[in-house]
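The analysis underlying the following values was restricted to heavy atoms, covering all of them including side chains, and did not include hydrogens, waters or symmetry mates. So you know, we letter chains A, B, ... as the sequences are listed, proteins then strands, and number each from 1.
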2 protein chains.
Amino acid sequence: MKESDQIQKPREGTLSQLAALLKILAEPNRLLLLERIMAGVQCNCDLGNALSLAPNLVSHHLSVLCDSGLVDARRSEDDGRWIFYSINESKLKALNELLAGFFDVSRIQSGSTCCGKKLTGE
Amino acid sequence: MKESDQIQKPREGTLSQLAALLKILAEPNRLLLLERIMAGVQCNCDLGNALSLAPNLVSHHLSVLCDSGLVDARRSEDDGRWIFYSINESKLKALNELLAGFFDVSRIQSGSTCCGKKLTGE
DNA sequence: ATTATAGTTCAATGGTTGTTGAACTAATTT
DNA sequence: AAATTAGTTCAACAACCATTGAACTATAAT
C-alpha cells in the first residue's frame, strides 16, 4: 500500500499520521539504510553487505521506506536484476519541515492550568 | 565551509539513540501530550480530560516523556497533589537540531554503485 | 480519623512488528 | 534449457509496548 501522502502538514487533531511516520523512522536499520542511500544511490546487495543485513530484511525495510515515499526505487536499464534506491528529495524536505514545525520551541507557551483552574504565579 | 562538514557522520551508537528517541515520539498520545504541554503547563488531570485518556495512561506516557528529558515535572508548592508538566526548552531545541541535521537534503549525494561497481551514467 | 482527590505501580493482555528461514519470481548468463 | 544472480514474499516466531483494570501511595479537605 502506498502511503506517500504521510509526509504532510498535520491537520488539527490528527497526529496519528505524524506518529506513523515517526514509527517508520524509529528503526535503527532503516536509519542506516537511509544514511547509506543519502550517501549515494545503492542497490539491494550493496546495502545488505554494508549493513550486514540479510537480503530479505533489506528488502523489507526498503519497502517500508518506499511506501513512505521517502525512498524511490528504479530498476536498472542496464541490468534488469538491479534496483537502485534513491532519496526522494522533496519528500525529505517536506519531512524536515514537518518535524521542524512540530518540534518548534516557539510553540512553547507560558501559563499554567490545573484541574480546570487557571494559575498565574506558582 | 560546507554545511555537510558540520554534520559529523553519525556512528551506530548515535543512530540507535536517534532511533530510540524517535520511538518515544512515535506515539499519538505522547504527541498529543507534547502538544498540550507546549500550549501551556498542565497537570495530569487536565491532560487526561483533554485527551480522554485514563489517568494511569497519562502517567505512563508522561513518565516516558520525562525520562527522555523532553518534559519536566514539578510538584506544586500550593497543593502537593498537583504536578505540573512543562517542556524542557533546551532539550526540544536539541531535538529539533538533531532531526534537522539527520534529515538534511544537503546530505544527499549523487552517484550510484551496484554490487561493488561504481556506475557513472545509467 | 475519615473521606476525597491526584497520581503511580502492578500484572495480565493483545496487537504490532522485526527477525528468521525457506520458497518464490524475475532477469541474465552460459 | 539450465544455472546463476538479484530480489521478493511467505509463514512462523519472538520481543516489545500500549492498553486495561485493580491495587497502591500521597496529599489535602471535612
Take the protein atom [atom1] of [X] and the nucleotide atom [atom2] of [N], then report the distance between them rounded to whole Å.
X	N	atom1	atom2	value
A:Ile83	D:dT5	CD1	C1'	13 Å
A:Glu77	D:dA6	CD	P	19 Å
B:Asp78	C:dT5	CG	P	18 Å
B:Asn49	C:dT5	CG	P	13 Å
B:Trp82	D:dA29	CH2	P	9 Å
B:Asn29	D:dT20	CG	P	9 Å
B:Glu27	D:dT19	CD	C1'	10 Å

Does any non-hydrogen side-chain atom of B:Val64 lie less than 4.5 Å from one of B:His60?
yes
May I ask you to verify if any side-chain N or O of [X] is less than 4.0 angstrom from the OP1 or OP2 atom of [N]?
X	N	result
B:His61	D:dC17	no
B:His60	D:dT19	no
A:Arg75	D:dA6	no
B:Lys23	D:dC17	yes

Verdict with reasoning, A:Leu18 to A:Leu22, per side chain to side chain contact (heavy atoms under 4.5 Å, CB included)
CA-CA 6 Å; A:Leu18 177 56; A:Leu22 288 170; 4.0 Å; yes
So which heavy atom on A:Ala26 is nearest to which on B:Lys23, and how close?
CB-N, 3.3 Å
Least distance between heavy atoms, B:Val105 atom then A:Glu89 atom
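That would be CG1-O, 3.7 Å.
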Which of these nucleotides, [options], is closest to any side-chain atom of [X]?
X	options	value
B:Asp79	C:dT9, D:dT8, D:dA28	D:dA28
B:Leu57	D:dC17, D:dT8, D:dT19	D:dT19
B:Arg81	D:dA6, C:dT19, D:dA28	D:dA28

Which residue lies toward the 5' end of DNA chain C, A:Gly80 or A:Ala26, if each is placed at its nearest nucleotide?
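Result: A:Ala26.
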Could you say whether A:Asn56 or B:Leu62 is positioned toward the 5' end of DNA chain C, judged by the nucleotide with the nearest heavy atom to each?
B:Leu62
Taking the side chain from A:Arg75 and the backbone from A:Gly80, do they hold a donor-acceptor pair closer than 3.5 Å?
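Yes, the answer is positive, given that a donor and an acceptor are paired below the 3.5 Å cut-off.
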